[in-house]
Amino acid sequence: MNANPSHGTPVRVRFAPSPTGHLHIGGARTALFNWLFARRLGGAFILRIEDTDLQRSTRASVDAIVDNIRWLGLDWDEGPHLQSDRFPLYARHAERLLKEGKAYASDEKRGSRPAVILRRPEGGIAVDDLVHGRIVFPADAVGDLVLMKSDGTPTYNFACVVDDAEMRITHIIRGDDHLSNTPKQIRLYAALGLPTPLFAHVPLIMGPDGSRLSKRHGATSVGQFREEGILPEALVNFLALLGWSPGDDREIMTIKELVAAFSLDRVNKKSAVFDTRKLEWLNMQYFKRKAPGEVARMAVPYLAAFGVPPGAVQADRMEAAVRLLGERFRTLRDLADKAHYFFTDFPVVDPKAFRRHMHAAGAGGILSEVADRIERLAEFTPDSIEPVIRGIIAARGVKPGEVIQPVRVAVSGRAETPGIFETMSLIGKERVVARLRRAPLLDLPGDGPGAEGGGA
RNA sequence: GGCGCCAUCGUCUAGUCUGGUCUAGGACGCCGGGUUCUCAACCCGGUAACUGGGGUUCAAAUCCCCAUGGCGCUACCA
């Protein structure tokens, strides 16, 4: 049924999003599979924008999608072609089908002209899908098919088939949601007298509740993960593992390794649930493999959301903060949140941490003692700070945490930070002392009873 | 409703095509322990799955049928 491009024929695949919104995670995965397939086989990856729906398509969406595909590192060999530039082509093919009697003009008057409709096929249609195998559709599964709408624009199925044929696409790799379109399209290739490409329908990506991934599941666009500070290589790696696996136990794979290992016959049939936690874990794995200086540079723009404008970030200080934080962050946004207090006069204070450690008996006294003793230090290094704190712990005969935790909260605003001596040292003596002195005076909202609902 | 697709730990998956080597492997998460100034990381240990029922066979996660469930499509949207 399907044309079978011989081994010598160069592979040509395409990604054809419709520019009615952002680049969806499912679309990105489809683009990635197409790209991996093309690169693995030395073929061409073509970008085509399906903007036949003039009402819903926007220029901004085209730009955003293209930008995010580039960000993912998926370079294309041709395009982006816009279907809206190709309307005469579709009209020409429709005209031909009309002349040949394969299509008829609708007698229903809806727009300025009659719609062009393809006559229903005689028998059933079989699809030989590269991931599903042979699928047979009964004859009545395909009815008459509108090709050109009354407004003169082509329908999706028609424009798609004309373009895939014109662009000599050899393999159509797309989501399972297009499976039921396939018999219609095969029917169209036949009517057009054009060779039918091979099809590979990849499983859909679902939300945690098992329904198709959509906005209500939270972040679902590539742009949103980008804004969170997910690395493109981590997202690519993660997406590659959704519906495909290399067949061994490898999970952390570079783009190069993915290209080398990719094949359509290892693509799953079952839809996959998108697990943000595993994506974040993978993201951290990529941070671990990067130089702290590079991570620091990437994180600078994210600091703004925590009150630190890019101009206020000293590069060496940020790099030191990244080294100190180690593996304590999973996204760039997360890193910025955990590093902001190295750059501000005072930290954003977590009320829970404050309540827990600052209200402990003697906390105020401890903080002022630490401030007094530390202020006299000539050198403000981890090695000079530690004996002072240890000395106070010993003199009071308390557990280390009873001193260190109040200090940690006063100095960073939170109950978890890297080692306290290193943290204090990097923040700097002046700011540390000021924070220790101010903390006991703080009166945090949400602190007292009834403060929770007190808006008005 | 009709048509189609799919079905292994909570999640991603290996194993299914080419039945035995699977008392079903790995990873995320979760739980416990170690380390420790907190958290993270790390190390050790643990939890947890072949949807159900019928066949076929000496033997079924693997092959066949039915049921059930989930999802998709059912537009002059894409």
Does the structure show a Watson-Crick or G-U wobble partner for [N], both distances under 3.5 Å? Name it, or say none.
N: B:G1; value: B:U74
N: B:A7; value: B:U68
N: B:A61; value: none
N: B:A24; value: none
N: B:C37; value: none

Fill in: salt bridge (charged side-chain N to carboxylate O under 4.0 Å, His left out) partners of A:D151, counting only residues at least two apart
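Checked A:D151 against salt bridge (charged side-chain N to carboxylate O under 4.0 Å, His left out); zero matches.
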
Discussion item. From the set B:A41, B:C28, B:A40, return the single nucleotide nearest to any side-chain atom of A:R330.
Written reply: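 Of B:A41, B:C28, B:A40, B:A41 is nearest to the side chain of A:R330.
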
Practice prompt. Give a yes or no on this: more than 12 heavy atoms of other residues, nucleotides or ligands lie within 6.0 Å of atom CZ of A:R333.
Written response: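 No, not enclosed.
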
Discussion item. Are more than 12 heavy atoms, taken from residues, nucleotides or ligands other than A:H22, located less than 6.0 Å from that residue's NE2 atom?
Written reply: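 Not buried by this count: 12 neighbours or fewer within 6.0 Å.
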
Which atom pairs link the protein and nucleotides 63-71 of chain B when you take only N or O atoms and keep those under 3.5 Å?
none

Practice prompt. Determine: side-chain N/O of A:K270 to OP1/OP2 of B:C5, distance under 4.0 Å, yes or no.
Written response: no

Worksheet item: For the side chain of A:R277 and the base of B:C28, is some donor closer than 3.5 Å to an acceptor across the two?
Response: no

Worksheet item: Under 3.5 Å, is there an N or O donor on one side and an acceptor on the other linking the side chain of A:K288 and the base of B:A41?
Response: no

Discussion item. Can you check the distance between B:C64 and B:C28, where both ends of the measurement are the C1' atom (answer in whole Å)?
Written reply: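 That atom pair is separated by 36 Å.
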
